[in-house]
Amino acid sequence: MTQKAKEKALNLVIVESPAKAKTIEKFLGKDFLVKSSYGHIRDLAKKDFGVDVSNNYQPQYVISSDKKDVVKELISLVQQSETVWLASDEDREGEAIAWHLYEVLGLTPAQTKRIVFHEITKEAILKAIKNPRPIDINLVDAQQARRVLDRLVGFELSPVLWKKVKPSLSAGRVQSVAVRLLVEREREINAFNADSAFRVVARFFVTDEDGKKHELRAELNHRFKTEEEAFQFLTHCKNGQFTVEQVTRKPFTKSPAAPFTTSTLQQEASRKLGFSVGQTMSVAQRLYEAGKITYMRTDSVNLADTAVSAAVQKIKSDMGEKYVQTRQFKTKSKGAQEAHEAIRPTYIDKDSVSGTAAEQKLYDLIYKRTLASQMSDARIERTNVNITVSGSTYKFHASGEVILFDGFLKMYIESSDVEKEDEEAPGFLPPLKEQDVLGLMAMEARERWTQKPPRYSEAALVRKLEEQGIGRPSTYAPTISTIQQRGYVVKEDRPGNPRKYRLVQLEGGEVKKSVKTENAGAERSKLFPTDIGMVVNDFLVKYFPNIVDYEFTAKVEKEFDQIAVGDVQWTKAIDQFYQPFHNQVEETLEKSERNTGERVLGTDPKTGKPVIVRIGRYGPMAQLGDTEAEDEKPAFASLTREQSIETITLEEALKLFELPRDLGLYEEKKVVVGIGRFGPYVRHDGKFASLKKGVDDPMEISLQRAIELIEEKRERDNKKIIKSFEEEPDLQILNGRWGPYIGYKGKNFKIPKEKDAEKLTLEECLKLVEDGGKKAPATKKATTKKKTTASGKNTTASKSTKAKKSAAKK
DNA sequence: CAGTGAGCGAGCTTCCGCTTGACTT
């Protein structure tokens, strides 16, 4: 490539993504060199806000540390080029990227052309090349306003939290609203009072002309409030006659869902494949880089014409002409910028790909959804049946569906979030006609509760944010990860609780009552706000209601639009926002109390001391006794993961003070059980072993079981050391989560995959340590901390990516 | 990385949106 550049790179095209660059280069031929900027190349400086508020909000831009090499290369290529084509996306951010490139690369208007395309097809690219335009500075200004606003909000608000709640917390236009949604939903759930009623379901039978019996399930059109009413109704039915009153048939059609956007892909991958949003994005990224799907960060539901015709071809040849029905979908989400296509297979005739299981499954989803979107409506007939009960005004109701023509259903059926336990998918009905008399097999009235509002899954939260126009396709996954990293939210399974329900059954001419138990409220992989999340949210809602308002983003987006069309100067818009906002910040710093979410639960009956819960330095805690009391210090205990300041009772809090507790002696040393930073544990001889979640209870655990845990832990620790050397006790070969590694003086070093860890000699190990040390010299000054992706655990220390990159090059 | 929770205070944390690798213990 540099070869080509040196010869005659007359035309340098710069796009945002390297995978895109590769594709486009193929379309453009040898006179064009296509390079990537890898997204934004500059950002606001981190120090001093990066915005000079006293100088008309002058932004201080610096080249991002991980983009220095990219910029250097682009600068040298520009010098060898006659024309530079800035081909970043056609949206606010893309325009800004073009402008930053223009500034940083020292381009002139004469040598620069700005081009845009919304799909990566040869026609679209060639057309774009024929229609260049200048950089739209108004659009750039709209982006600067967006960027500066987010910085001002984030960097003024977060320090308020450090002072008033806890260090290292954060607030921002997007994340704070995301947390608010979760907190408000949690409160709705806490305030929810389940109401119950008896739902009556009957199993009837009808005999056809051949004497064959067919079963029919039907539900009563009324739910009884009390068990007595239900009992009376069933008793009445013992001798009742059941007659088909009416049979109606109604045809209707169903249409396929639109092709995937980032948000809908995340939702469906979550529902159908159980992927987290981060997982979905990283799998999609790999498919994209391998050229198998189009760009995965998009808010557009549009398909390129070439893709539609490829889909038509494929549907025709696989399923026949009658399955074809092309459509143009329109986006419904607020603030969509539609710089790309919808997510679809690059080659629509490919119905599967090679790769990991996850890649194959996600591709399959994308393939089917894309094809289905261009397939015929399904035609369905629904049959409704009403059944009268002699001597009663209530009626039973049954419905069934018959698919007359499957259409797109042949390919793809969209899933839904709501699990309605009371409803069954309508199936087939036996042949029935009006005035048929039905026989009764059995009937039951089961107590059912109204359901609490559901907690958000990651993907459901993304959908909600998108609906409100908050956040962008590129930020959904990172936002979800940020609010978890800050400790505002945890993603968890909750087992649910047993709940009794009453049942009245009519069977064999007898009506009987019983009480049974079901499990209620179990949650799988849902987002729960933590106490910190709630306290921070309440603080922000109280002092900055305008910022965490659900409409805030929509409002500022309107301003940005006005800037983009040149009606408003961006610095003016920012000034109008910042003056009052800054006063709000100052006032809050001055007036507001420290917020610890403190709640007084009552007094301990044994000691008469007050019991309170609040957020302490190490998280939510309970406190027994006053801090002001002179004679003795209060006792403290951390809340467990499942407990919350908002819902804990006095009894539960008092229990916490019973820990740590002595279980007895083992090998002449004390065995103690307690709850620590990582949950319940047993301690023995200076070593800790975790209690098994859902199995062991720290209040109940026996000495015998504790010893088991200690022994298991010992076993694991023994396996941890693969090899050690007498000559060098600091060095050990250890067994870790990702396989064997070398531990040396508190640092860890990788063992190359091809080496057998057990056979390594001390010399070889020391060499690996030395090599590893060379690769990562200690440039601890690098202030940019790497964001980890999906898992959200931030365990990495600062690393020097720069040194590694340049080393890898040669 | 584990039984903490006062107060002192240095130095640090933090936003959103565009992009990929790097590489974990």
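A quick note: this is a predicted structure, and the numbers were derived from the prediction, not measured. Below, chain A is the first sequence line, B the second, and so on; all start at residue 1.
Note: CD1 (A:Ile97) to C1' (B:dT20) measures 13 Å, nearest angstrom. Atom CZ in A:Phe657 sits about 16 Å away from atom P in B:dG3, given to the nearest Å. Taking atom CE of A:Met281 as the reference point, atom C1' of B:dT20 lies 13 Å away to the nearest angstrom. Summarising the geometry, the separation between CG on A:Asp69 and C1' on B:dA22 is reported as 14 Å, rounded to the nearest angstrom. Atom-to-atom, CG of A:Asp685 to C1' of B:dA2 comes out at 15 Å; the value is rounded to the nearest Å. Atom CD1 in A:Ile14 sits about 14 Å away from atom C1' in B:dT19, given to the nearest Å. Whole-Å rounding puts the A:Lys46 NZ to B:dT14 C1' distance at 7 Å. Regarding A:Asp43, its CG atom lies at a distance of 14 Å from the P atom of B:dT19, rounded to whole Å.
Contact annotation: A:Arg92 side-chain N/O to B:dC18 OP1/OP2 distance is not under 4.0 Å. Not one side-chain nitrogen or oxygen of A:Gln143 sits closer than 4.0 Å to the OP1 or OP2 atom of B:dG17. Contact between the side-chain N/O atoms of A:Arg472 and the OP1/OP2 oxygens of B:dC16 is not found at any separation under 4.0 Å. For B:dG21, the OP1/OP2 oxygens have no side-chain nitrogen or oxygen of A:Arg286 closer than 4.0 Å. Between B:dC15 and A:Ser158, no contact under 4.0 Å exists linking OP1 or OP2 to a side-chain N or O. The phosphate of B:dT20 has OP1 or OP2 within less than 4.0 Å of a side-chain N or O from A:Ser17. Between A:Arg42 and B:dT19 there is no side-chain N or O to OP1 or OP2 distance below 4.0 Å. Within the 4.0 Å cut-off from OP1 or OP2 of B:dC16, at least one side-chain nitrogen or oxygen of A:Gln175 is found.
Nucleic acid contact for A:Pro473: none, since no nucleic acid atom lies under 4.0 Å from a heavy atom of the residue. Nucleic acid contact for A:Leu169: sugar-phosphate only, since backbone atoms but no base atoms lie under 4.0 Å from a heavy atom of the residue. Note on A:Gly471: only backbone sugar-phosphate atoms sit closer than 4.0 angstrom, heavy atoms only; bases stay farther off. Residue contacts for A:Phe49: at a heavy-atom cut-off of 4.0 Å it reaches no nucleic acid atom on any strand shown. Contacts of A:Val153 with the nucleic acid, taken as non-hydrogen atoms under 4.0 Å apart, are absent. If you check every strand for non-hydrogen atoms under 4.0 Å, A:Ala171 touches sugar and phosphate atoms only. Using a 4.0 Å heavy-atom criterion, one finds that A:Gly172 contacts the sugar-phosphate atoms exclusively. Nucleic acid contact class of A:Gly50 (heavy atoms, under 4.0 Å, all strands): none.
Of the candidates B:dC16, B:dA2, B:dT14, the closest approach to any side-chain atom of A:Ser690 belongs to B:dA2. Checking B:dT13, B:dC18, B:dT20 against every side-chain atom of A:His40, the shortest atom distance belongs to B:dC18. Closest contact between the side chain of A:Ser638 and the listed nucleotides B:dT4, B:dC18, B:dC16 involves B:dT4. Nearest to the side-chain atoms of A:Tyr681 among the listed nucleotides B:dT20, B:dA2, B:dC16 stands B:dA2. With B:dG3, B:dC18, B:dG21 as the candidates, the nucleotide lying closest to the side chain of A:Glu93 is B:dC18. The side chain of A:Arg683 lies closest to B:dG3 when the candidates are B:dC16, B:dT14, B:dG3. Of the candidates B:dG17, B:dG3, B:dT19, the closest approach to any side-chain atom of A:Glu16 belongs to B:dT19.
Counted by atom type alone, A:Glu338 and A:His118 present zero donor-acceptor pairs between their side chains at under 3.5 Å. Side-chain contact annotation: A:Asp89 with A:Gln337, donor-acceptor N/O pair under 3.5 Å absent.
By the 5.5 Å and 30° criteria, A:Tyr38 is not stacked with the base of B:dT20. B:dG5 has no base stacking with the ring of A:Phe636 when judged by centroids under 5.5 angstrom apart and an interplanar angle below 30°. Stacking of A:Phe155 onto the six-membered ring of B:dC15 is not present when judged by under 5.5 angstrom between centres and under 30° between planes.
In terms of position on DNA chain B, the residue among A:Gly154 and A:Tyr295 whose nearest nucleotide sits closer to the 5' end is A:Gly154. In this structure, A:Leu152 and A:Met296 both approach DNA chain B, and ranking their closest nucleotides by distance from the 5' end singles out A:Leu152.
Judged by distance alone, with hydrogens and angles left aside, A:Arg147 brings a side-chain donor or acceptor within reach of the base of B:dC15, the pair sitting under 3.5 Å. Side-chain to base pairing of A:Arg146 with B:dC16: one donor and one acceptor N or O lie within less than 3.5 Å of each other. Put simply, the side chain of A:Ser168 and the base of B:dT13 share a donor and an acceptor less than 3.5 Å apart.
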Apply side chain to side chain contact (heavy atoms under 4.5 Å, CB included) to the pair A:Tyr61 and A:Val104, showing each step before the final yes or no.
-> CA-CA 10 Å; A:Tyr61 291 115; A:Val104 171; over 6 Å; no
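Comment: A:Asp604 does not engage A:Lys609 in a salt bridge, judged by the lack of any side-chain N to carboxylate O separation of less than 4.0 angstrom.
Between A:Tyr295 and A:His340, the ring-plane angle classifies as tilted under the 30° and 60° cut-offs.
By the 6.0 Å and 45° rule, A:Arg486 does not stack over the aromatic ring of A:Tyr488. For the pair A:Arg180 and A:Tyr550, the cation sits on the ring face: its NZ or CZ lies under 6.0 Å from the ring centre, inside 45° of the axis.
Counting heavy atoms of neighbouring residues, nucleotides and ligands inside a 6.0 Å radius, atom NZ of A:Lys22 does not exceed 12 of them.
Taking atom C1' on both nucleotides, B:dG9 is separated from B:dT13 by 16 Å, rounded to a whole Å.
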